[in-house]
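None of the values given here were measured: they were computed from a predicted structure. All values below come from the heavy atoms of this structure, side chains included, with hydrogens, waters and symmetry mates left out.
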Amino acid sequence: MPLLAYREKHILSAQQLRKLSEHKYSCTSTSLLDPLLQPWWNWLVAQTPLWLAPNLITIVGLIVNVVTTLILICYSPNGVDAPPRWTCLLCALGLFIYQSLDSIDGKQARRTNTSSPLGELFDHGCDSISTVFVAVSACISCQLGHYPNWLFFQCFCAIALFYCAHWQTYVSGTMRFGRIDVTEAQFSIIAIHLVSAVLGPEIWLTKIPIVGLSWNYTILIFITFGYTLNIINFLKMFTEGGSGKNGSTVAGTSVLSPSIPLTLVVLPALMIAQKSPQNIFTEHASVYIMAFGMVAAKVTNKLVIAHMTKSEMDYLDWSLLGPSLLFLNQYFNCIVPEIWLLWFTLIWGTQDLLRYCSQVCLEICQHLRIDLFRIPYTPKGVASHPATASVSSQSNFGGSADKNGGTAHRKSKSKPH
């Protein structure tokens, strides 16, 4: 039984665990907003109790973001109905909390001297899930359900570009952030939510004088421009080659090999949406994006693990079961209602992702002899005396940025939208 697969065997081999122990986080950043936000992040982490585990900070931020987005989705599941203004405000708050906590988890890890490869992996995993919900919430808030094709394009571009960021890292060995990247995208989406909260989501459907385009259509143009810049930067990777032997990936595989899992997610999603006789995407846009988003999050996590363990990535995965059934159902003229299979895809993909991530974290915790959500000992260099702890914590976090060339194993953010 596939449901029991993770209990029957280990996901990570002994060699992968050894490579993971040797992994060093490498990052470059030219972000415009990050330097401006450093004082806020430094102040926030200074208020954080020293006993609070960095991974717990990460997961709390993710939960807040997911819950606030689900509330928004409940009021506008198809992105057409205008949600109440307070739900948009809630999403803005949820994303700000998530962004702030996601930015201090690495600082807290260094502050408590508990940095580990697991922290980086856990952070990436939470980001892969958050990307899906952030994209959906932004599209609902600015009423993109009125343009189903654009809604599909925007959400799946965000998901694919997050995957491509880790594809680039798998090839070069270094996570790269541009001048307009994660932080800038997050605060742009927060601004969209705030406009919807103050003026009402309907404001995005009004026409701009002289130009004649609606506000949300104009937003689409700017977002597409941002996507284009990210794609151009990503394509430079192929001209530069990989860091492995003969220009290969860090694992010595072809630089094109990660395209296969991504194609197996995005292409069926596009075909099923376009050929659905029951308009499955138009009628149930949020469920559709979340269902395929969980599948994409699973393959992204496998890519992250392949990078950190310098190993070859598996192309096929059990999470693809749901999309495969949807595709076959259409081939046989929808003998089963598509909405049933769509909900199955969402439930199956979610449980498969959670079980996979849980098992991987468990194996890494056992290998490194650490706890996931708890600091079971007094952090080194912080402990003996309250006054000493205060001085030590200030010196550990005050001078380094999570994304600006830091060498800590934990990271700040990694999702380009």
Side-chain angles (χ1 to χ4, degrees), residues 20-31 33-62 97-127 130 166 169 173-177 181-183 186 304 307-308 361 364-365 367-415:
L20 185 76
S21 301
E22 300 169 355
H23 172 74
K24 302 294 183 183
Y25 177 58
S26 176
C27 165
T28 61
S29 174
T30 57
S31 170
L33 284 180
D34 275 19
L36 301 176
L37 291 166
Q38 286 300 329
W40 157 243
W41 294 336
N42 286 336
W43 177 87
L44 184 60
V45 77
Q47 314 309 310
T48 306
L50 290 171
W51 52 262
L52 192 60
N55 290 332
L56 189 57
I57 295 174
T58 309
I59 196 70
V60 168
L62 175 65
I97 292 173
Y98 166 74
Q99 196 279 332
S100 297
L101 296 182
D102 190 39
S103 299
I104 69 168
D105 52 8
K107 295 178 182 294
Q108 177 75 348
R110 290 196 297 277
R111 183 181 180 224
T112 56
N113 212 15
T114 54
S115 298
S116 74
L118 176 61
E120 180 185 341
L121 177 61
F122 191 82
D123 190 271
H124 285 307
C126 290
D127 288 344
S130 176
H166 291 285
T169 308
T174 300
M175 176 70 72
R176 300 175 183 176
F177 297 92
D181 213 295
V182 182
T183 309
Q186 289 173 330
V304 173
H307 159 239
M308 295 181 67
C361 287
I364 296 175
C365 284
H367 177 72
L368 299 178
R369 297 181 180 178
I370 58 177
D371 289 334
L372 182 60
F373 294 125
R374 188 169 65 94
I375 300 177
Y377 54 86
T378 307
K380 298 174 184 176
V382 186
S384 23
H385 190 275
T388 306
S390 176
V391 173
S392 176
S393 66
Q394 291 293 328
S395 63
N396 275 338
F397 78 85
S400 60
D402 285 331
K403 287 177 23 177
N404 296 336
T407 57
H409 290 176
R410 281 193 61 87
K411 54 174 284 292
S412 165
K413 303 172 291 296
S414 63
K415 44 185 184 305

List the residues meeting side chain to side chain contact (heavy atoms under 4.5 Å, CB included) with Ser100, not counting sequence neighbours, and say none if there are none. Trp40, Leu44, Phe96
Could you list the residues that satisfy side chain to side chain contact (heavy atoms under 4.5 Å, CB included) with Glu22, not counting sequence neighbours? Arg18, Lys19
Closest heavy-atom pair, Pro54 versus Ile375, reported as atoms and distance to 0.1 Å, is CD-CD1, 4.4 Å
Indicate yes or no: at least one non-hydrogen side-chain atom of Ile364 is less than 4.5 angstrom from one of Pro117. no
List for me each residue that meets side chain to side chain donor-acceptor pair (under 3.5 Å) alongside Trp51, sequence neighbours excluded, and say none if there are none. none
Shortest non-hydrogen contact between Leu118 and Cys361, atoms and distance: CD1-SG, 4.1 Å
Looking at side-chain heavy atoms only, is the closest gap between Glu120 and Met175 below 4.5 Å? no
Gap separating the CG atom of Leu101 from the CH2 atom of Trp41, nearest 0.5 angstrom: 12.0 Å
Looking at every heavy atom in both Leu121 and Met308, which two are closest together, and how far apart are they? CB-SD, 3.9 Å
On a heavy-atom basis, which atom in Arg374 and which in Ala53 lie closest, and how many Å separate them? N-CB, 3.7 Å
Value rounded to 0.5 Å, distance of CZ in Arg111 from CG in Asp105: 13.5 Å
Side-chain donor or acceptor of Gln99 paired with backbone N/O of Gly61 under 3.5 Å: no
Counting C-beta onward and ignoring hydrogens, is there a side-chain heavy-atom pair between Thr48 and Lys107 closer than 4.5 Å? no
Nearest atoms (heavy-atom pairs only) where Asn55 meets Gly119: OD1-CA, 3.7 Å
If we count only N and O atoms by modelled type, under 3.5 Å, do the side chains of Asp34 and Thr183 hold a donor and an acceptor together? yes
Taken to the nearest 0.5 Å, the spacing of Phe122 CZ from Ile57 CD1 works out to 11.5 Å
In a check of side-chain contact (heavy atoms from CB on, under 4.5 Å) between Asp102 and each of Leu62, Asp123, Val182, Ile97, which one passes? Asp123
Candidate pair Ser31 and Asp181, rule side-chain contact (heavy atoms from CB on, under 4.5 Å), full reasoning: CA-CA 7 Å; Ser31 170; Asp181 213 295; 5.7 Å; no
Walk me through it: do Tyr98 and Asp127 pass the test side-chain contact (heavy atoms from CB on, under 4.5 Å)? CA-CA 10 Å; Tyr98 166 74; Asp127 288 344; 2.3 Å; yes
So which heavy atom on Leu50 is nearest to which on Thr112, and how close? O-CG2, 3.4 Å
